[in-house]
Structures are given as structure tokens and as C-alpha cells.
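Let me begin by presenting the structure, written as C-alpha cells, before commenting on it.
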Amino acid sequence: MTAPFSTASGSDIRVRFCPSPTGTPHVGLIRTALFNWAYARHNGGTMVFRVEDTDAARDSEESFLQLLDGLRWLGINWDEGIDVGGPQAPYRQSQRTSIYVDLIEKLKASGHLYESFATPDEIEARNVANGRDPKQGYDNFERELTDAERDAFRAEGRSPALRLRVPDTDLSFDDLVRGEITFPAGSFTDFVVVRPNGAPLYTFVNPVDDALMGITHVLRGEDLLSSTPRQIALYHALIEIGVTTFIPRFGHLPYVMGDGNKKLSKRDPESNLFHHRDRGFLPEGLINYLSLLGWSLSADRDVFSIDEMVAAFDVVNVNPNPARFDPKKAESINGDHIRMLSTTELANRLEPYMGNLVQSEIDRDLLAAATPLVQERMQLLGEAPALLSFLFTPDDDIEIDADARPGPEAIDILDAASAVLDPLEDWKHDAIEEALRVALIEGLELKPRVAFGALRTAISGKRISPPLFESMELLGHDSTLERLARLRSQL
RNA sequence: GGCCCCAUCGUAUAGCGGCCUAGUACGCUGCCCUCUCACGGCGGUAACACCGGUUCGAAUCCGGUUGGGGUCACCA
């Protein structure tokens, strides 16, 4: 069967993101949103955002709000739909019932939909009785029910679901990422589009809204690949009754996988968008990494800005095979983005991650001054507090980690350091370093790592810290001396 | 089981018939830098699932096999 697929290109391209608000935003879902968005922006087309909340049992307002929060955090915006409105409002399916009811009547009248009284159990039993695989699905046997037969079912107290009469021919489409795909006639059967209670199902409302909203390119997860022929069948019906004139192009994006060979599960923390935000991913870092799941900018570059991604993105270059989410790689990419930020910008981004450490203007200034010390030491913004807390902690409250505590031999080091630092006029890191090197490395003939290790413990309480002399400078003369004295007294 | 999709280093990918004794990045690892940790620099490790075919020539095209995944809901 030949079909009038969309030929839209450039700014005529219309894509959509249409999540069902169940649970926290999943990175696979977000990757789908990202690719749709990038495709629209690259082509100067239109991004539509609608919500498929037709499953009252599973959908929640909280989840809906989280979706908005997540998209806004990432900077994925839209031109029509939720909040911004548009010619096909409303954009929440729960508010579009009358539109569906109207179309259901039209499709019924035109003979595309027919009443089906068989329950799932009966269909399975029927398959078994006919020697078919129980899992083989519906066999279209109620297509030509007589009025008398229908009345008989009604007399039993049954209400019919409505099924779409699908064509008895092969159905083909040219997938944007996979190429030509053909489903043989008979491999997809008449499917239910309306429940007996009159409520339309996803199988109906999704293509109907795409048609009504003029969607030209449907980019979605590959789990929907098998339902595409059925949707195309529905499109043919919609075209015949004049609802639309074309069928969108489809592009089925590869799965985002977790460990093993299965989709990243909703139970897996890695799947949760907010898990990554909470740990300190930058929006641009996460977008960069997510882009790499099934797509690449070029052969030898995998760190790039959002603008660069948009400028280069084309869905036809998306790789069809499933991609594993690799937290290590994601963090590495994020670290690169952290290093690409200006220090003032990084300081601003860091602040929300500092917990109650940064509370005053003075704290903010200290954070700004300390940011350069940690910019090359983080992959996640959430690592900052552990690295910097000693700068914001009163001298009395510095805890000495067990693995950082030096032996009694450090007493001489601390004494010598105090002696040379106390009278130091020019409290700058290079002067501090010079004084300490003269006193400890040359004077006491110590190895730098031994001498400075003890001082590091004194001021930070840790074996690992930002650069020592810069840290001392930020801490100030008095605090530094106080901390040296405190450690000495504990040895 | 029927139908559909997928198949390059551990991972993500480059490759769209000769530029490939297969490139890059993460990871792992050796060395250098170095006050710790990082950052950075220079190396190393490691892949075309298999079998046929087409072709002068195949990771690239075709067929099959194997393996993995999805789908066959009155969920979305």
C-alpha cells in the first residue's frame, strides 16, 4: 500500500514530545525529548509539547510538574503546547475528550471502527481452540457481526469495545533511522481504540492528536516500532474522513540500556533525571552525554556545546542500535563542561550544591575565591562541599581524618611552619610557599610530600585537599596558625 | 511461537567498497608534570559475531546462521 507520507522539510517540520506523566522523568524519555527538540531547532521547525494523561490510574500531577521542571532545567523548550498554548489547545489529552468522541463517531459512521464484544480471555481461548498460538492476538472475527448477533451480546449485558479495521495488505514505511520496514499483512490485527465505557486508548489518541496537530516527524522510542503499522492504518482512516492529508515520517530511536541487556529500568537510579541533577550534572553536560547515546557530532570530538549539537543534529544520523548508559563517561563529559565554565559562572552554579555552607555575602565571596582551586578537581558539582568545607568551617570544628593524621614526628614540621608563617607579612600563596619551602624542604631537609602532607592535614583535616598554599591564603593568617597549633596539640 | 528491530575494542562511537596493518573518547594501565587529589602531556591495552555470496577489492552491499532486544493489552 502506498501512503502519502509527509514531505515537510526545514521550517515546515513539526515534531512533538508527548510523555505520559507517570513517575519521575526517565533519561531515555529525556533523550527522546532532546532529539525531537534538536531536530526542530536545527531545522527552524516547530516543537509541540502535549501530555498524554489518559491513564487516570497511573498519571499524576506531581509527575507532570516534574516533567516541566526537568525540561526547563535542561533548556528544552517548545513552541506550542503546555503553558504556551497554540491552535490545537488544549494540549492535555485529559481535556480533549470531546474532540475524540466526535472523531470516534465519524470513524464509526464511515465503517472504519466496528464493535467488538470479545474479552481478552475469550480471544485467547479462541486462539487455543483454533490451534493458534494463544499469544497470536485477535483474529478480526467480529468484523462482520450481524445486527442480530450484536443485539444478542447486548442482551447478555455486554458493552462493545471499538476496533479499527486494518488493511489486509502489507504496510511499509521508511524509518528515518532504520530505513525501509515492511510488516506483512496479517502480522498486525484489528486493535481496540475505544474501551467499552467510551474512553479512547493511547492507540487512538496518539495518532489522532499527531494528525490534528500537523506533526510531520514522529521521533520516538523503538518500543513503539511494532505499533507503527497500526498507527499508519489509523492514519489512512483519518485521511479518508478528511482529518488530515498526510502520514508523518517515523524515526525510532534506540533504547537507552542499563546493565545487562535490558532497558534502563525505572527502578535504576541512573534512569532518574533528577538523580543526575542532584549529583551535580550541568544541563549542558548531561545533554552532551545524552546526545552521545545514539548519535555523534564527529569522529574525534565528543565534548560540545548545546548550540554545536543543534547545529549538527540530524535524526538520519542516529545510530539504530541500543546504547548503554555509562555513568563514568557521563561524569567525564560533565567534568569537561565544568572546566569550560568561567570561574564566576561555576561559582554561581556551585552555590546551590553547597548545602548550608554558604549563607552570607562573605561566604559567597569565599566560594568565588575558592572556585578556581576546585574547577579542575570535579566532575560533579556535588563534589564541591567535600572539597571546600574546611574553608567554611570554624577552626574548632575541623575534624582530622584517621588516614590523614601524621605521627609525632610532624611536631617539628608544624613548629617550623608556624615559626616562619607567623611573622609573614605578605600573606599570598607564593610568599607562603616560598617561606615554607625554605623552612621545611631546605631547612629540615624534608620531602615535600611529607612536609606539606602534615600541613595539609592541619588545615583541612584531610589527606586530599585543594592546593595547600592557595588554601592557606584563603583561610587567612590567623586561621592557618590556629589550625597548625591545634594539630600540634593533638600529637 | 508469529512479526519487527539490532550486531565494530569492556562502554559510546567513526567508518556509508579501496584513504582501515580499523580512528576518537571513557574505562583500565605505563611514564612525565607535581605539595595531595586532580588537570594536562606522551604511550599501552582492546573490536569488525559466524558462514556463504557479489566484486579486481568488503567492517562497509546481499543471503543465511547465531546471539540479543522489542511487540503481539479494553497500559502508554
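Residue numbers start from 1 in every chain, and the chains themselves are labelled A, B, ... in the order their sequence lines are given, proteins ahead of strands. Computed from a prediction, not measured in an experiment: that's the story for all the values here.
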Checking all strands, does Leu225(A) fall into the base, sugar-phosphate, or nothing category for heavy-atom contacts under 4.0 angstrom? sugar-phosphate

Taking the side chain of Pro320(A) as heavy atoms from C-beta outward, which of rC74(B), rC4(B), rC6(B) is closest to it? rC6(B)

Please state the P separation for the pair rC37(B) and rC31(B) - nearest whole angstrom. 14 Å

Do the ring centers of Trp295(A) and Phe313(A) come within less than 6.0 Å of each other? yes

Nearest of rG23(B), rU36(B), rU13(B) to any side-chain atom of Ala299(A)? rG23(B)

From C-beta outward on Asn319(A), which listed nucleotide comes closest to its side chain: rA76(B), rA38(B), rU13(B)? rU13(B)

May I ask you to say what Glu470(A) touches in the nucleic acid, namely base, sugar-phosphate or nothing, with a heavy-atom cut-off under 4.0 Å? base

His276(A) and Tyr289(A) aromatic centres sub-6.0 Å: no

Proximity to the side chain of Pro322(A) - top-ranked nucleotide from rA38(B), rC26(B), rC6(B): rC6(B)

Report which part of the nucleic acid Gly137(A) touches: base, sugar-phosphate, or nothing (heavy-atom distance under 4.0 Å, all strands). sugar-phosphate

Closer than 4.0 Å, any side-chain N/O of Asn321(A) to the OP1 or OP2 of rU8(B)? yes

Ser296(A) has a side chain; which of rC26(B), rA14(B), rC6(B) sits nearest to it? rA14(B)

Quick one: label Arg58(A) by what it contacts on the DNA or RNA (base, sugar-phosphate, nothing), any heavy atom closer than 4.0 Å. base

So Thr119(A), base contact, sugar-phosphate only, or nothing? Heavy-atom distance under 4.0 Å. base

Reckon Arg195(A) has a side-chain N or O less than 4.0 Å from the OP1 or OP2 of rC75(B)? yes

For the side chain of Asp302(A), starting at C-beta, report the closest nucleotide among rG40(B), rA25(B), rA76(B). rA25(B)

Taking atom P in both rU34(B) and rU45(B), what distance in whole Å separates the two? 28 Å

It should be established whether Arg132(A) places a side-chain nitrogen or oxygen under 4.0 Å from OP1 or OP2 of nucleotide rG1(B). no

Taking the side chain of Asp223(A) as heavy atoms from C-beta outward, which of rU71(B), rU36(B), rC6(B) is closest to it? rU71(B)

On the six-membered ring of Tyr138(A), is Arg163(A) placed so that its NZ or CZ lies under 6.0 angstrom from the centre and within 45° of the ring axis? yes

Centroid-centroid under 6.0 Å between Phe5(A) and Phe250(A) rings: no

Of Phe452(A) and Glu52(A), the one whose closest nucleotide on RNA chain B sits nearer the 5' end is Phe452(A)

